[in-house]
Every structure is written in C-alpha cells, then in structure tokens.
> 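Pasting in a structure now, in structure tokens, and then I'll have a few things to ask.
Just so you know, ligand 1 is whichever comes first in the structure, and atom 1 is the first atom listed for that ligand.
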Amino acid sequence: MNMTFLFYLIKTTRSVSCVLNVSMKMCTASQWVRVRKQIESKRKKAILGGGEHRIAVQHKKGKLTARERIELLCDPGSFVEYDAFVEHTCTDFGMHQTKFPGDSVITGHGMISGRLAYIFSQDFTVFGGSLSSVHAKKICKVLDRAVSVGAPVIGLNDSGGARIQEGVDSLAGYADVFQRNVLASGAIPQISVVMGPCAGGAVYSPALTDFTFMVADTSYLFITGPDVVKSVTGEVVTQEELGGAWMHSTVSGVAHGAFKNDVVALLQLRRLLNYLPLSSRDPAPIRKCWDRWNRLAPSLDTIVPADTMEPYDMNEVIRCLVDERDFFEISPLHASSIIVGFARMDGRTVGIVGNQPKVAAGCLDINASIKGARFVRFCDAFSIPIVTLVDVPGFLPGSAQECGGIIRHGAKLLYAYAEATVPKITVITRKAYGGAYILSSKPLRGDVNYAWPTAEVAVMGAEGAVSVLFKGQREEESQYRVDYIEKFGNPFPVAVRGLVDDIIEPRTTRMRICQDLDVLANKVLTNPPKKHGNIPL
Ligand code: HXC
C-alpha cells in the first residue's frame, strides 16, 4: 500500500466518522429528549398507580393510596423510591397490553422520626395490589437491603393475593418473600400493617413478622374467604367475622392491635418504632426524659387492696412507673389477663410484662402464655430489658385448658424467660403462686427481684392447699388456712431465702428500677452455642 493511498484512506475514514459522530450526537440529543420525556411520563404514570378512577374508588372505601400512606409514615420528603419503572413480565391473558410502571407495590427507604426504615406499600389500584413476580422481587430487594444495612422493614399490605394471571410465578414470589421474612426475623424488626384485603397464602408474610396491625372495617386477613368457607364446610360467615380487625385483635390474637383508620394506624406505627432499635446490632434509642428517674409514686402504696381477692388495675401500676405515663400496649384486647408492651424508664426502652388482676384474676391461660412468650422473645432478640410485674394466682386450671395443651403453651412462656439474656427485673406486687412464680424468678436468671410488702409467694393459694392437705377435715381446715396465710401471705419466705433482693416500698419502685437499668446496661450473659433451641411450639 503506497503512502498517498494510505493518507487518502485515513482522511476519508476520519471525515466519515466525523460526519457519523455529528449525526450520532444529533441522534443522541434527540434520543435524550425522547428518553427524558419518557422518564417523565412514566414517573407521572407511576405516581398515578392504577389511575384516577381507581384512586377515587380507593378513597371512597375510606382507604388512603399506597403513596399517601408512605407520605404519612415517613418524615416529610425523606422517602426514596426504588424500582419505579419495573413492569410485570406476564404476557398471558392479554396482560402485555396493561402495564403500570412500578407494578403493584411501592418500595424504598425513608426516615421515621429521623431514623432509617425500609418500606413496601402495596398499591391496590394496580391489579388489586396482587403479587406478581416483579412485585415479589421489589419486596425482596428492600428486605435484603434492610438486613444488610440493619434497619426495620415496614410492610403496608393491601392486596388481592397472588396475581392470578401469573400462576406459579406468583406463588414462587411469595416463597421468596417468606424465606426473607424468616431470615430477617430477630435481625431487624419487621412490622406489618394490614390496610385492605390479605387473603390466601399472602397472610403468612404478616404472620411471620414481629407485629401485625390492622385497620378497622377496611382490612381482613383469612386463609379462604366466606364463599370458599361456605362451599367447603357449609358455614355461613361474614368477611368481618372470618377475618376482620376486631376478630383478629380480640379472639385469634393474629393482629397485635386494630386502629380505626389508616391515619391513626400510621401515626401509631411511628410511635411504636420510636421504642425499637434499628436492628439486633443496635441498642434501642435513649430519649431525653423530663420525668425524673427518682420520682416517687405514692399512689402505688395503696393500690393493692387489703382483700387479696379484690382486683386492681395493673395498667395503672405500669403507667405510674414509666416515663410520662406513656405505654405502648401490644395486643391490649387479646388474652388481657397478661399485659405486654413498650415503655421508657429514664429514657431507656423497656418491655413490660404484667399480670392483670382485673381479668380472670391475672391467671395465665393458653393465650396469655403465648402472648407473653412471643413478647419476651422479641425483647430478648432486640436487647430490650424486661420488667415483669407479678400478681398471678397460677396457670388457669380446668379440662378446657388441659385439653388445649396449657402444658405445652405454658412451657413457651417458661422457655422464653429462661432463654432470655437481657436484663430481667421483677416486682412481685401480690400473688406469685405455683409455676407462674418461677417465670421471672431468680433461679431463671432474674437479675433483680423485688417484693412489695403485699407479696405472697407459695406453691398455691390457701384454699387449694387446704383442700389437698385436709380433705374433709373441717376443723383442721380452717386452722390450717389461717396458718397457711400467716406463713406464706407475706414477702418474708422469699426474702429470707434470698429469692428476692429486697422488700421495697411501692412508691420507690420506679426509682429502684431506673437505677437497676442503669447498673445492668452493660450486662453480658450468653447461652451455650448451638444451632438453635427447640421451643415447645
Ligand atoms: C389479579 C386481581 C386480583 C388477583 C384483584 N384483582 N385480585 N388481579 N390477581 N389476585 C384485580 C381485579 O381484577 C380488579 O381489576 C382490581 O384488582 C380490583 O378488584 P375488585 O375485585 O374490583 O375489588 P374489590 O371488589 O374491592 O374486591 C377485592 C378482592 C377481590 C376481595 C380482593 O378482588 C378478590 O376476591 N380477589 C381475588 C382474591 C384471591 O382469591 N386471591 C388469590 C388468593 S390465593 P380492575 O382492572 O377491574 O381494576 C393466594 C395464594 C398465595 O394468594 C399462596 C402463597 C403461598
């Protein structure tokens, strides 16, 4: 090849590429304008979800849209959305003609009271919020990120269940979500709010999370709806009876609370999150407290009635003890003979467990045992100290409870307390009878145990004891009853054995607990290494 030809070749190639470059640049610029327009229009479409008509229908039902819920939940302007352009991949049943950017769930992260949280909010206006495979992938992404970063996940559920058109792809999507819920359990707090339908296998994602709340009248949770129930069993039942917020928050205990509308639910959710750590790697936040740690509570000196059979309100005891009387009760309407919830003492989050003498004399039944055990395990998983207020005549006797497996369920509560390594502070306010005494006792690694002067600790109450020991012997019976009460109807038997650290004046209880929490803040206690224990489920 001669030099002149080579020169010519380079020149022409350059000019061609130059022309090409210019035209490509022009093309790129016009393409950009087009792409930007596309981005804008898709974003607008994503924000509108299933469209104005469906949004109006959603509002008409008294429900907020998925985006409005996120806006209320997060600090203003803090929500960062992911995957707003994701579209479903289904081509069957003409689905390729109907696509919505973002599909039927909005995901991302935001700040709640200045702290990070991951959120997914199902959009009922898009295919009824049903779960497609991309919908599942979006949820899985936030769950994965939340676990790696160490921040809670909040799921706002409003969905018709598996996307029917996608068949097994949708079912597999549920499995992906469930797997992540389980792996995230104990690592990050997971909270579900059911704000619309949640049926079929879909119910298991909320059920796998730590707390599930519902909205009255607009939400329901069931494995199968009323029509299927009728066709299979013949039972005629309404949606509300089968899986409404009232039923689940009172009878089944599946929901840990019911709120009257979306707004209240989301505001209460913000309140709950303020008590919780971001993950098991972090401590719970300590808030500045205006309530003096050494405040005395004189009303507690007289709160326990002289008659040991007379009830009083343990909720009032709790409110007198905690900061600013602020107590977030979990499952207030279910298994109410036990009270569980979060509060602060000198600014520190504590989990409170208290027997409620006003309900079934504070007896522990099956539901109360399960409720207490699950709460204690949550506190232990997230390093939240447990304060237990004991006034319990024992586990509820009777064939209904025995047939229902009170032994197995009561063992859950025992297991949870025995397994817990967080600081455990216990106050016996009155009765601590039988197995129920053992729960948060010294031998079960209780750190600090107090008795009020009104405490009675015994194997069982006087009536039961006399009926066993002096069956049919009337004279001995009444004398023995007096002796029994004399012997066990006071705090000395436990105090002289060192099974309580002190007998304290009720008015000083707050002060003592706040001091103890301070002392126990760096407590280290570990269980033997193992894959996992085998709680009697
Ligand atoms: C696809 C669905 C859908 C679904 C609702 N839609 N559910 N699309 N898959 N699962 C669509 C509707 O076609 C409708 O679309 C829009 O969402 C709103 O639904 P409506 O029926 O008009 O609303 P409403 O009257 O409020 O009734 C809501 C509903 C009902 C009660 C949830 O839609 C319903 O019964 N859906 C089916 C529920 C179900 O059986 N899901 C499968 C459960 S089994 P347009 O275009 O008209 O707005 C399951 C298995 C999971 O989930 C297993 C995991 C292990």
> Examine ligand 1 and decide if any of its atoms is less than 4.0 Å from a heavy atom belonging to Y220.
yes

> R377 versus C379: any side-chain heavy-atom pair under 4.5 Å?
no

> Check whether any side-chain heavy atom of I352 lies under 4.5 Å from a side-chain heavy atom of V340, and answer yes or no.
no

> Can you tell me if K230 has over 12 outside heavy atoms packed within less than 6.0 Å of its NZ?
no

> So, for atom 40 (O) of ligand 1, does the protein have a heavy atom nearer than 4.0 Å?
no

> Provide, to 0.1 Å, the distance between atom 52 (O) of ligand 1 and the closest protein heavy atom, together with that atom's residue and name.
A162 N, 2.9 Å

> For ligand 1, which atoms, with element, lie under 4.0 Å from some heavy atom of R163?
1 (C), 9 (N)

> Please check atom 30 (C) of ligand 1 for a protein heavy-atom neighbour under 4.0 Å.
no

> Please check atom 15 (O) of ligand 1 for a protein heavy-atom neighbour under 4.0 Å.
no

> Would you say atom 55 (C) of ligand 1 touches the protein, meaning some protein heavy atom is under 4.0 Å from it?
yes

> Only one of I154, N157, L208, V203 forms a side chain to side chain contact (heavy atoms under 4.5 Å, CB included) with S192, so which one is it?
N157

> Would a 4.0 Å cut-off, counted as strictly less than, catch a protein heavy atom around atom 9 (N) of ligand 1?
yes

> Do I330 and F328 make a side-chain contact, defined as non-hydrogen atoms from C-beta onward lying under 4.5 Å apart?
yes

> Passes ring-ring contact (aromatic ring centres under 6.0 Å, His included), Y82 versus H109? Steps please.
CA-CA 8 Å; Y82 310 151; H109 70 256; 5.6 Å; yes

> Using a strict 4.0 Å cut-off to heavy atoms of A199, name the atoms of ligand 1 that fall inside it.
52 (O)

> To the nearest 0.1 Å, how far is atom 44 (S) of ligand 1 from its closest protein heavy atom, and which atom is that?
G200 CA, 4.1 Å

> Using the benzene-type ring in the case of Trp, are the ring centres of F378 and F211 under 6.0 Å apart?
yes

> What's the shortest heavy-atom distance between G110 and I119, and which atoms?
N-CD1, 4.3 Å

> Would a 4.0 Å cut-off, counted as strictly less than, catch a protein heavy atom around atom 33 (O) of ligand 1?
no

> Have a look at Y174, F127, Y204, F178 and point out the one with the heavy atom closest to atom 11 (C) of ligand 1.
F127

> Check each heavy atom of A175 against ligand 1 and say whether those closer than 4.0 Å belong to the side chain, the backbone, both or neither.
neither

> If you measure from the Lys or Arg side-chain nitrogens to the Asp or Glu carboxylate oxygens, is any gap between R69 and D158 under 4.0 Å?
yes

> Tell me which part of L171 gets within contact of ligand 1: side chain, backbone, both or neither, using heavy atoms under 4.0 Å.
side chain

> Geometry only, no angles: is F124 polar-contacting ligand 1 at N/O separations under 3.5 Å?
no

> Aromatic rings F342 and F375: how do their planes relate, parallel, tilted or perpendicular, breaks at 30° and 60°?
tilted

> Could you check if a side-chain atom of L156 sits within less than 4.5 angstrom of a side-chain atom of Q122, using non-hydrogen atoms only?
no

> Can you name the atoms of ligand 1, numbered from 1 with element, that are less than 4.0 Å from a heavy atom of G161?
52 (O)

> Which protein non-hydrogen atom lies closest to atom 36 (N) of ligand 1, naming both residue and atom, and how far is it?
G160 O, 4.3 Å

> Is atom 22 (O) of ligand 1 in close reach of the protein, with a heavy atom under 4.0 Å away?
no

> Does some non-hydrogen atom of the protein lie less than 4.0 angstrom from atom 47 (O) of ligand 1?
no

> Looking only at N/O atoms, are R54 and ligand 1 under 3.5 Å apart anywhere?
yes

> Is there a side-chain contact between L64 and L72 in this structure, where contact means two heavy atoms from C-beta onward sitting under 4.5 Å apart?
yes

> Before signing off on this row, confirm whether I164 and ligand 1 have an N or O atom pair separated by under 3.5 Å.
yes

> Does ligand 1 come near enough to G128 that some N or O of the ligand is less than 3.5 Å from an N or O of the residue?
yes

> Find all atoms of ligand 1 within a distance of less than 4.0 Å from any non-hydrogen atom belonging to K61, and give their numbers and elements.
26 (O)

> Whether K42 and E87 form a salt bridge (side-chain N of Lys/Arg under 4.0 Å from carboxylate O of Asp/Glu) is what I want to check.
yes

> Only heavy atoms of Q165, strictly under 4.0 Å: list the atoms of ligand 1 that pass.
1 (C), 9 (N)

> Is the F100 to F127 ring centre distance short of 6.0 Å?
yes

